[in-house]
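Please read the structure below before turning to the comments.
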Amino acid sequence: TYIGLGSNLDGPHRQLQAAVRGLAEIPSSRVEQVSGIYRSRAVGPGDQPDYLNAVASLETALPEHRLLDHLQAIEQRQGRVRSVRWGPRTLDLDILLYGDQHLQDARLTIPHPRLMERNFVLVPLAEICDAKMLLPDGTELVTLLATCSRDHLTRTDLPLTLADASAQ
Ligand code: ROI
């Protein structure tokens with residue numbers, strides 16, 4: 001399972017670091033890998049600050065909606081306020097892929113519906129998964145990467161670690 005992380009408010013680096021620690025505490029689950037942190041220009045309305053984005057892989061025995069409950073609890077804990085659609089946020093945790101599961105209901109769509117068009121998801125995802133991995137429509141990730149724009153997307157040197165409590 002791959003989780004997308006994004007933040008553009010209230011200390012985005014600190015938000016992502018806290019989020020990874022939150023992921024590590026989800027029951028019946030284990031964080032396997034975490035990508036580097038990318039700075040990306042906001043997709044969405046108005047003038048909002050740049051985002052920091054990353055992707056983590058999680059081995060989990062939780063079903064999709066239980067996992068979503070935990071992700072939303074982490075978002076809440078980190079001060080997420082849902083107001084404007086596509087507005088700025090302290091923390092966004094998205095289930096990008098869950099094995100090869102496809103599902104859609106009122107709460108959740110898997111694979112994430114905008115995964116394929118977002119460079120700030122595809123590029124970090126490629127760091128931690130097999131580039132030959134097939135995306136939902138059957139294309140290889142490498143193929144999409146070849147055409148995906150790197151505009152307004154830069155890899156930072158900011159650390160994102162699993163266990164380092166001093167990295168606040
Ligand atoms: N834009 C960027 N660059 N990164 C995000 O994580 C992100 N998340 C969102 C919206 C507001 C759509 N824009 C984003 O939810």
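Just follow the structure's listing: the first ligand is 1, and inside any ligand the first atom is 1. Along the sequence shown, residues carry numbers from 1.
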The salt bridge (Lys or Arg N to Asp or Glu O under 4.0 Å) partners of D10 (sequence neighbours excluded) come to R14

What donor-acceptor contacts under 3.5 angstrom involve side-chain atoms of residues 138-148, with partners at least two apart or in another chain?
unit_1: T139; atom_1: OG1; unit_2: D137; atom_2: OD1; d: 2.6
unit_1: T147; atom_1: OG1; unit_2: L144; atom_2: O; d: 3.1

With sequence neighbours left out, the residues meeting salt bridge (Lys or Arg N to Asp or Glu O under 4.0 Å) with E32 are R30

Note down each nitrogen or oxygen pair, ligand 1 side and protein side, whose separation is under 3.5 Å; give only atom names and the distance to 0.1 Å.
unit_1: ligand 1; atom_1: 1 (N); unit_2: V43; atom_2: N; d: 3.0
unit_1: ligand 1; atom_1: 3 (N); unit_2: S40; atom_2: OG; d: 2.7
unit_1: ligand 1; atom_1: 3 (N); unit_2: R41; atom_2: O; d: 2.8
unit_1: ligand 1; atom_1: 4 (N); unit_2: N53; atom_2: OD1; d: 2.9
unit_1: ligand 1; atom_1: 6 (O); unit_2: N53; atom_2: ND2; d: 2.7
unit_1: ligand 1; atom_1: 13 (N); unit_2: V43; atom_2: O; d: 2.5
unit_1: ligand 1; atom_1: 15 (O); unit_2: R89; atom_2: NH1; d: 3.1
unit_1: ligand 1; atom_1: 15 (O); unit_2: D92; atom_2: OD2; d: 3.4

- prompt: Would you say L97 and M133 make side-chain contact, with heavy atoms under 4.5 Å?
  reply: yes

S149 and N119 have their tightest heavy-atom pair at O-ND2, 2.8 Å

When every non-hydrogen atom of A19 is compared with those of I74, the smallest separation belongs to CA-CG2, 4.3 Å

